[in-house]
Structure formats: structure tokens, C-alpha cells
Amino acid sequence: MDKQACHGPSLIWPRSGYDTPAMTEHPPSLATPYRTHTCGQLRAGDIGAEVRLSGWVHRRRDHGQLIFLDLRDRHGITQVVVDGTDSPAAHDVASRVRSEFVVSVSGTVTARLAGTENARLSTGAIELQTTALEILNEARTPPFYINDPDAPVDESLRLKYRYLDIRREPMQQRLLLRSRLVQAIRQAHHENGFVEIETPTLIKSTPEGARDFIVPSRLQPGSVYALPQSPQQLKQILMVGGVDRYFQIARCYRDEDLRGDRQPEFTQLDLEMSFVDEATVMDFVERMAIEVSQAVTPERPLLEVPFPRFTYGEVMERFGSDKPDLRFGMELVDLAPEIPTPDGVPASGFRVFDDALAGGGRVKAIVAPGLGDAPRSRIDELTETAKRFGARGLAHLALEATGSVKGPIVKFLGDDLAERLCARAGAGPGDLVLIVADGTEVTNEVLGRLRTDLGARLGLADPNVLAYCWVHRFPMYKWDVEGGRWDATHNPFSGVVPEDEALLTTVSGDPSRPSPEDPAGRARALQYDLALNGWELGGGSIRIWRRDLLELSFALQGYSLERMRNMFGAMLEAFEYGAPPHGGIALGIDRWAALLTNQATIREVMAFPKTQSGTDLMLEAPSPPDAGQYADLGLRVVPVEERKA
RNA sequence: GGACCCGUGGUGUAGCGGCCCAACAUGCCAGCCUGUCACGCUGGAGAUCGCCGGUUCGAAUCCGGUCGGGUCCGCCA
């Protein structure tokens, strides 16, 4: 994801070329007492007009008696000419002007002299002959280049001076795209009968899920609010309220460690629908996603419409990931069918393979195209990656250009089997076959990680394509070894696939005494995730809206009725007053915007993001409260040493 | 909680035991210039190499710690 890829040539700045249509559409209302037009507005048709422009000095070219100023605002750049013989007063001001000064210019729109037109500017046919120039505000020399969109700048500097970074073209582009994204989302929802409702951000803490951010209450000393991790319960309660179709662009908060795709506060498109099944929700979201993509990034092709729908089982088998990047192949291939099993005993000749198969595990492979002649160091690197994700090792077979198979394990397998394995994997001359032999879960996971890793390194994915896909039929629960209970894989309210309802039982017969052998472990959830280009965009489910199933599911998850009431009391009570069947989804707006602009992190599509350690370098937040704030809240700080004790 | 990478004039980089009181580009300041658009030309200022400590005759360079930023694992229903 390089910076140029940030979608298309754009532009305000002359370096990059030309203006996008979106930036040159001018509502007539942008005129103010400070300007008659914006800096991206004037054209040959305006020649002769007396105008006034205001903006920042993008660049100054001083030729002595003649000074050129490139005047910039977010709409574009207009060249201003100050002639010392025509208007000495303005020339005097122009010679004092520096980069990023805010100035206001009055003058006449004139055609540029023949041969001096600038094709890279949308205003390049004209220039402004200055009659009056006023400095509205001076500016210190900026700490980095505002006028060069390609200049690399340390990200922490950009964050400290975010207002200057936002003045730069790439950030303007991304914030604009994000604005259009949200606008398109809102439009699609309103057109489909959704009601936009705001839910509170001071709510009740629940012990489930991620760590809550908490806010001490002054009126209720000793008690705290929590900031919502998502509006989950509230939106379900809205369904009980008969809202039918709800959506919200909702700010959410999770106090967990940060990543490139995770910030402590982030924005979700949150929606919920009543009287729906899985297909209703998926169909709507899919149509909406297509409309929105085409509205926001019409130049980017969708890989497949309708979006492919995979079951969790299939996607893990084929891609080793529940958020596969479908822009390239490199699918996982099962090698077991080639391995002979005389008397039912696997006999490849290579112990690692045979033991894995005999133990109920798998032998699977992916093909790294063109890496057949990779040096030992490269193989070692891949092996390290495989081990980091839990594999015991990584076997490989290299197909030379001549077609002969090389590799340390050929001597165990024999040439014939080695060749058949390569053929099964789909490898051609010059390719490298990477093989993992382990339990099913580890094998798929490790190969999936290698696939993602190699796909990125080898540049296999077309950066222009948008590859959406659905993944559904997730397992309802995952066995929690320490807790001795079934843990919801996604949302504790996810419904169960109707035909699996009977599986919600335990071997013991008592849902409050679960064991890893329970049929419940095989139950599949009415849960669906939407993935885009290898990122999880979001997920949702049809909820359990029947009281009996909810109690059963919670019992399997090890929650007593009392604990349930404590955590979800309001919602459970609401459910006793006639809850309609309902379900919904939440999509990460930050991730979506990052993907649509081909950025590697969501920080690039947020105006004021935080660092990995959760600080805001511009505001210098967080900061210690003052004594009075503590007193109001009845709080006292415990020194770090005592906390550890 | 852990692993790894980065930190040198305003900015981006080079230098990786002595050739360095640090180089290049750009920015900044001053002067000149009436057709430039990354204007040009001439001159100038600007860094005790994140910080602390150690090794060494000698440290930007090696080692330890620390601070800041990033990537990843754990974590994130």
C-alpha cells in the first residue's frame, strides 16, 4: 500500500497533476466577504472579472519587479501575479509574504500569455492580475513541507502538527473520501427505510469482551459509566422498541492495545433490522456496500458480484483465514490423497508427514510462484514465520526450471512421490512448494499466514481491485480450557443455525456442566463477517431473541442467571415484552476508508488518531487531572509502587 | 506482558571506531532578476548525532539503560 496508490492522481497541487471532478464542483455559496471565488474555481470563461481570493501562499516565485504567488485553498490553486510597476503597494506586500501566510488578493482575471498556460492546474488557463494584496495572517516556517504531497515526513511529526498535515493534499483527499463514504452510507440507509438514531456514550460497564474505558461519576460517587464498545445492547433494545430498521455512524471505545487497524476509539456503521433472517441482512448490506463503493471509488473494480459467500469451514480449508484476500490465488492444497496408506498406515517415507496423518492431522501446501530458486536464507525466513504462528516446522520442495524436484525431504519421499506432491499442489517449474504437517487448525492457520505474507511480499494482489466476500456459519462456541466452559466465538447473542438447535446440549445433560465433548461444540452460529482485501470489515449475526435459547446459550457459556441479569439486565427484561426476530451488523468505517484509499493503517483516514501507546501527540493527552477534579469525583491516585504490591 | 526496527541541522537522508567541532538535497535568511510555475543565480546562517551511563588513547559509530515513534505476538466477544 504505497502512498501513490492513495487512489488516483488527484489534485489540488500542481506536483501531482490535475484536479479531480469532486474538487472542482463549486456550490455557489462558497463566496464570502473574504472571497468571491475559491482558488480552484476560475476558468477561461471568467476572464475580465474583478474577483477576490483568499487562501494560503503555496509558493512564491520572486522575479524582482514581478512576483508570482500560488494561492491555495482546499479547492485548488490559482496563480496570482503582482507587478511592481502596476501596483507598487501590492508588490511591497508580496515581497514580505512567505509560505503558508494567509492572504487576500483582489484583482482581475486575465488570460495567461500564450505559452505560459499550466496544463497541470485546473485554473492554469488564467491568472489573477493583482490590484490589492493583504496579509491576513503571518505563519511560522512550517516544520515540514506543506506544498509537496510526496515528501516523506516522520509520522510522529505529522501527528504533533496534525493541522499542518491536514493542510497537505494526501490528508485532504482521504478526509474528503471518508466524508463521501459516510454520506453514501447515510443515503443508502435512508433510501431503504432505516432510521438514524444516536445512542449514549455514557453507559453501563459489562465485564464481557474488551476492556471498557470508564468514566467516574460525580453525582454518584464511587460509581462509573463505561464508554460503549459498540451500541450492541442498545440497538437490540431499539428493535424491541419497534424501530424496525436502525442505523448509526457510532463512535466506539475499547481499551485494548493498538495496532495499525485498531485505535482505542473508532467508528462503526452500526445497523440492526427486525423480522429478518440471515439472507435479508446480508443481501441489504451487500447491496449497500456495492452502491457505496461505486459512489466513492467508481474507478475501482469489484472482483466479484454478488460477493462470494464462504462457510467458515470452507474458507479455513482453502485460505487458512477467516478474512481471505481473494485478489490472488495461492490456495491451500491437501496433499494427503497422494500419500500411500498400505494397511491404512500413512507411508510417505517422511516421518513428520506420516505422524501428522496418523494422528488425525493434515499435510497441506501452498505454492510460492517463482521462488523455486530462493536462497536458503529466504527459506529460513519462511520457516521462522511458520514457527511464529505455531508450526513445528516447514517442509519445502523446489521445482527447478528443468522440472526436477529438489529439497531436503526428497530423499525421504523419493523422486516419484515428491513429483506427485508438487503436481498435486499445482506447482510449475521455478515454483516453491511449502508444506505444513500438523493438526488441522494449526496447518490451516500457518499456511494462511504464509499465504498472506507471501502475497504481500510478491505483490500478488492488484491494488486497484476491491474483493469483498462473506464468511458465515462460524462455530457457535470455542472451548475455553482454563474456564472450563464454552466461549462465544463472536457475539454472545448470536443465534444458532436452526438445524443445529438440537446440538445445544451437553454430554452431562446439564447445560451448566459443559465439557469439551459436548455436541454444542459442533453447533454453528447465524454469524456473518464481511471481509475486504484481507481485512475484516465487520461482522454481525441474527440474534437469539427467544428467551429459552438465550438462557441455554448463556448457561453453556458458564453464566448464571444472576450474572446474566447483572450484565444484560435491561436487555433481558426488554426481551420479556415482545422482542421481534432481529439481526444486524457493524462495519468498521475507519477500516473501510483505509481500504478504499489503499492505506496500511487507519490512522491515515482519521483526522486526529492516537499513537500505539494511546497518546495524542498534538493535545498531549492523556494528562493527569488536577486536584480539584479528583476531589469532585472522590478519587485518589495510588502510586505505581503500591499498585504493584 | 513480550520480540523486533527506527531516532544525525527546520525536513528527508548519508556517515556505522580516528579521514567528521559531521556530508548531501531541500527548506530558511540576505542580495540580484518582468513570465515563472519544484523559477534561476550569488552569498550566508543552521546539528555537542533523542537522553543517561559505560567500553576505548579516541564514540554519531560499540555495549547497557531510558524516553519517543512504528511493526508484530499476546490482547481485541
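Here is the naming used below: chain letters follow the sequence lines, and residue numbers restart at 1 for every chain.
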B:C72 base / A:Arg449 side chain donor-acceptor hit below 3.5 Å: no

Exercise: do A:Arg543 and A:Ser541 side chains pair donor with acceptor under 3.5 Å: yes

Sugar-phosphate, base or nothing in reach of A:Gly209, heavy atoms under 4.0 Å: sugar-phosphate

Gap in Å between the two C1' atoms, one belonging to B:A60 and one to B:G7, rounded: 12 Å

Separation of the P atoms in B:A30 and B:G17, to the nearest angstrom: 42 Å

Any A:Arg61 side-chain nitrogen or oxygen under 4.0 Å from OP1 or OP2 of B:C39: yes

Pairwise C1' distance for B:C51 and B:U13, with rounding to whole Å: 22 Å

Any donor-acceptor N/O pair, A:Asp500 side chain to A:Leu503 backbone, under 3.5 Å: no

base_contact_polar (B:C76 base, A:Asp257 side chain, donor-acceptor, <3.5 Å): no

P gap between B:U61 and B:U56, integer Å: 16 Å

Aromatic ring pairing A:Trp486/A:Trp479, orientation class (parallel under 30°, perpendicular over 60°, tilted between): perpendicular

Residue closer to the 5' end of RNA chain B, A:Pro143 versus A:Gly84 (nearest nucleotide): A:Pro143

Parallel, tilted or perpendicular: rings of A:Phe144 and A:Tyr161 (30°, 60°): perpendicular

Mind listing the N/O atom pairs, protein and nucleotides 67-70 of chain B, below 3.5 Å?
from, atom 1, to, atom 2, distance (Å)
B:G69, OP1, A:Thr611, OG1, 3.2
B:G69, OP1, A:Ser613, OG, 3.4
B:G69, OP1, A:Thr615, OG1, 3.1
B:G69, OP2, A:Ser613, OG, 3.0
B:G70, OP1, A:Gln612, N, 3.0
B:G70, OP2, A:Gln612, N, 2.8
B:G70, O3', A:Arg603, NH2, 3.1

Any-strand Watson-Crick or G-U partner of B:C29, both distances under 3.5 Å: B:G43

Separation between the C1' atoms of B:G50 and B:C6, rounded to whole Å: 12 Å

Sugar-phosphate only, base, or nothing, as touched by A:Ile67 at under 4.0 Å among non-hydrogen atoms: nothing

Aromatic plane relationship, A:Tyr528 with A:Trp470 - under 30° parallel, 30 to 60° tilted, over 60° perpendicular: perpendicular

Dump the pairs, protein N or O against N or O of nucleotides 25-32 of chain B, anything under 3.5 Å, distances to one decimal.
from, atom 1, to, atom 2, distance (Å)
B:U26, O2', A:Tyr145, OH, 2.9
B:U26, O2, A:Tyr145, OH, 2.9
B:C29, OP1, A:Arg98, NE, 2.9
B:A30, OP2, A:Arg98, NH2, 3.0

Short side-chain N/O contact from A:Arg259 to OP1 or OP2 of B:C75, under 4.0 Å: no

Any-strand Watson-Crick or G-U partner of B:C4, both distances under 3.5 Å: B:G70

Base B:G35 paired with A:Gln65 side chain (donor-acceptor, <3.5 Å): no

